[in-house]
Number of protein chains: 2
Amino acid sequence: MSFDTSPVLQAWRSRGRRVTAARRAVLEGLCRAGCAADVRTVYRLAKRVHPRLGLVTVYRTLDLLAREGWVQRWEEGGVVRYELDQPHHHHLVCLGCGQVRRWDRCPVPVESGATVGGFLVTGHRLELLGYCPTCREVMR
Amino acid sequence: MSFDTSPVLQAWRSRGRRVTAARRAVLEGLCRAGCAADVRTVYRLAKRVHPRLGLVTVYRTLDLLAREGWVQRWEEGGVVRYELDQPHHHHLVCLGCGQVRRWDRCPVPVESGATVGGFLVTGHRLELLGYCPTCREVMR
DNA sequence: GTTCAGTTGAAAATGAGTTTCGATACATCC
DNA sequence: GGATGTATCGAAACTCATTTTCAACTGAAC
């Protein structure tokens, strides 16, 4: 995926955070993982860049990135997933194999800042559930 | 909540499953819990009906109900939630206190059975994220 | 190069959810 | 109503993702 990590690094430096090999590796792993990666996948990919990376640091860095708004965190089928912040989009989730694909349409007409029954709405999350081409084939 | 549990009990009997005090209690707890209850809440409420109920049985019964299609299972903020099957609806989730409220509108135009990019869509899940009236007050 | 606080990673702790297995109690038969 | 067989129960043990702890390490500044 094309994602420029330098703004993240700059933001860290400017806030007094350190730019370490471990953090670079997690960012790199996240980029390579593509859409909606789980923690293990990021860990596996990041470890190729920085072999002595610990899983704990992956958790910590992903959490940091999420708190700073660089990545989105969500869950599907008991798996926590992270993805680099991108233009608003949703997901197609395969109930057979668990793969996740991006869906760029958004049919939700509730703007951020709107009020619904007293709730101040700041965002939303939509998943279309179903079966990917491969799993459809298997089910026949 | 108004939910008639007798069809569930009948279905169980007709399939050779046993209608036990523990299972009745879990159903009762689920009814009392209202919209989108987590396992602990169901356990706590069901235990009032049947004090020697074990947590394991709550997990097992909720899983059974989900497999048979009587309840929906979903996750939010790391918490697994179950709710009795009801007319199609979505949820308002408070990012402050975690409470969940029902939202009866559905702006998603993708019918079950439609195909999106090769995916066969069988359903969807939508959550509006934001802050409930109480949490809005606290944030001031 | 020295310093020092932010960061790391191994190990231990936590906690939700699952499995195991002997005990229990529904549903059926008589 | 009581005996029987098996589905179900619940306590304890287990699994595994995630978090906490803490001594060692290392960016960044001087």
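For clarity, every value in this text was computed on a predicted model and none was experimentally measured. To find a chain, count down the sequence lines: A is the first, B the second, and so on, and within it residues start at 1.
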Revision key, fill the gap. Looking only at D:dA28, C:dT8, D:dT8, the nucleotide nearest the A:Thr20 side chain is C:dT8
**Study point:** Closest to the A:Ala22 side chain, choosing from D:dT18, C:dT24, C:dG9
**Key:** C:dG9
Point to revise | Side chain A:Arg18 and base C:dA5 donor-acceptor under 3.5 Å | key: yes
Review point. Looking at D:dG27, does its base get a donor-acceptor pair with the side chain of A:Arg17 below 3.5 Å?
Key: no
Check your understanding: Nearest to the side chain of B:Val80 - C:dG17, D:dG10, D:dT18?
Key -> C:dG17
Exercise for review: Can you tell me the distance, in whole Å, between the CG atom of A:Leu64 and the P atom of C:dT7?
Suggested key: 8 Å
Study note, to complete from the structure: Sorted by position of nearest nucleotide on DNA chain C, 5' first, the leading residue of B:Ala21 and B:Arg73 is B:Arg73
Check your understanding: Given atom OH of A:Tyr82 and atom C1' of D:dA17, what is their separation to the nearest angstrom?
Key -> 11 Å
Exercise for review: Could you say whether B:Gly16 or B:His50 is positioned toward the 5' end of DNA chain D, judged by the nucleotide with the nearest heavy atom to each?
Suggested key: B:Gly16
**Study point:** Whole angstrom value for the distance that separates P of D:dA17 from CG of A:Asp63
**Key:** 18 Å
Practice item. Provide, to the nearest angstrom, the distance between the CZ atom belonging to B:Arg60 and the C1' atom belonging to C:dG17. Key: 12 Å
**Study point:** Whole-Å distance separating the CD atom of B:Glu75 from the P atom of D:dA17
**Key:** 14 Å
Point to revise | Per A:Val56 side chain, nearest of listed nucleotides D:dA11, C:dA25, C:dG9 | key: C:dG9
Review point. Within 45° of the ring axis of A:Trp12 and under 6.0 Å from its six-membered ring centre, is that where the NZ or CZ of A:Arg23 lies?
Key: yes
Review point. Shortest non-hydrogen contact from A:Phe119 to B:Cys94?
Key: CE2-N, 3.7 Å
Check your understanding: Of all the nucleotides listed (D:dA17, C:dA27, D:dC9), which has the minimum atom distance to the side chain of B:Arg23?
Key -> D:dC9
Check your understanding: So what does A:Leu53 touch, heavy atoms closer than 4.0 Å: a base, only the sugar-phosphate, or nothing?
Key -> sugar-phosphate
Check your understanding: Rounded to the nearest Å, what distance is computed from the CH2 atom of residue B:Trp12 to the P atom of nucleotide C:dA25?
Key -> 18 Å
Check your understanding: Tell me: CG of B:Leu55 to C1' of D:dA12, nearest whole Å?
Key -> 13 Å
Review point. So if you build clusters from Ile, Leu, Val, Met, Phe, Trp, Tyr with side-chain heavy-atom gaps below 4.5 Å, do B:Val71 and B:Val80 land together?
Key: yes
Check your understanding: Is it true that B:Glu68 and B:Arg15 have a side-chain N and a carboxylate O under 4.0 angstrom from each other?
Key -> yes
**Study point:** For B:Leu53 against B:Lys47, the heavy-atom pair lying closest together
**Key:** O-NZ, 3.1 Å
Point to revise | Residue-phosphate contact under 4.0 Å: A:Arg52 side-chain N/O, D:dT26 OP1/OP2 | key: yes
**Study point:** A:Arg13 CZ to D:dG27 P, straight-line distance once rounded to whole Å
**Key:** 12 Å
Check your understanding: Starting at the 5' end of DNA chain D and moving along, which residue's nearest nucleotide shows up first, A:Tyr59 or B:Tyr43?
Key -> B:Tyr43
